[in-house]
S.K.: 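One structure, as structure tokens, below. Some questions next.
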Amino acid sequence: MDERIEKLLLGLEELNKAGGQWNISHTTGQFLYDLIIDKKPEVIVEVGASNGYSTIWLAVAARKINAKVITFEFVPEKVRDLVSNLQKAGLIQYVQTVPDDANKRLGELEEKIDFVFLDGRKNEYLQQLKMLEPKLNSGAIIAADNVISHKHALEDYLYYVTNENKYRSELKDIGTGLEISYLLS
Ligand SMILES: C[S@@+](CC[C@H](N)C(=O)[O-])C[C@H]1O[C@@H](n2cnc3c(N)ncnc32)[C@H](O)[C@@H]1O
């Protein structure tokens with residue numbers, strides 16, 4: 001990671017302390033980065049970019065392995081900050097930003113998807129996963145944040161990825177809780 005991006009991430013972490021951004025933890029960002037470098041997905045989809053803190057982690061990894069990130073954010077002020085932060089990081093060319101409701105647009109994706117990061121509204125994770133399922137490559141990885149902090153809101157999602165025999169799923173006790181689910185072939 002170059003110094004400019006490290007500084008930008010640290011600045012965003014300070015901003016996050018003031019509230020309102022709901023960014024993932026540094027540890028979660030590092031974990032997602034390492035997982036992407038290890039598994040080498042070609043197409044990464046993020047739902048809920050906020051100001052782009054998590055998107056930067058995904059995009060730095062994508063740059064290293066020549067992958068592409070598609071991210072959804074529907075609040076106009078957040079989209080403005082997202083684009084500005086990606087430009088500051090020099091990562092804008094690795095990210096397709098979709099300034100719209102993911103629930104309306106996920107079904108239109110034409111790409112086959114290898115990696116998904118769910119971090120929008122917690123009660124929508126399951127419907128978003130189901131919208132993406134026809135487009136997932138075998139072995140695709142689904143990372144879902146807040147599974148400890150929002151355990152109750154995510155009950156249906158967690159039941160689905162752990163009990164339907166479609167995924168091998170494990171909970172990482174980092175940040176607010178990250179569920180990593182591997183699509184079985
Ligand atoms: C928890 S924050 C995301 C934080 C970000 N992933 C990070 O760690 O830096 C959730 C964001 O998802 C956005 N969001 C929620 N539901 C969405 C949807 N259906 N489509 C697009 N954006 C959505 C919200 O506007 C909010 O900015």
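This one's a predicted model, so the numbers in the text were calculated from it and none came from an experiment. If you read the sequence from its start, that first residue is 1, and numbering goes on from there. Ligands are counted one by one from 1 in listed order, and the atoms in each one are counted from 1 as well.
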S.K.: Name the residues with a heavy atom less than 4.0 Å from ligand 1?
M.R.: Q21, W22, N23, I24, E46, G48, A49, S50, Y53, S54, F72, E73, F74, V75, K78, D100, D101, A102, N103, D119, G120, R121, E124, Q128

S.K.: Does CG belonging to D173 count more than 12 external heavy atoms closer than 6.0 Å?
M.R.: no

S.K.: Kindly indicate whether a cation-pi arrangement holds for K130 with Y160, taking the cut-offs as under 6.0 Å to the six-membered ring centre and within 45° of the axis.
M.R.: yes

S.K.: Mark yes when over 12 heavy atoms from residues, nucleotides or ligands other than N163 sit less than 6.0 Å from its CG; otherwise mark no.
M.R.: yes

S.K.: Please say whether more than 12 non-hydrogen atoms of neighbouring residues, nucleotides or ligands are located less than 6.0 Å from NZ in K112.
M.R.: yes

S.K.: Taking side chain as C-beta onward, heavy atoms only, is T71 less than 4.5 Å from Q96?
M.R.: no

S.K.: More than 12 heavy atoms of other residues, nucleotides or ligands under 6.0 Å from CD of E124: is that the case?
M.R.: yes

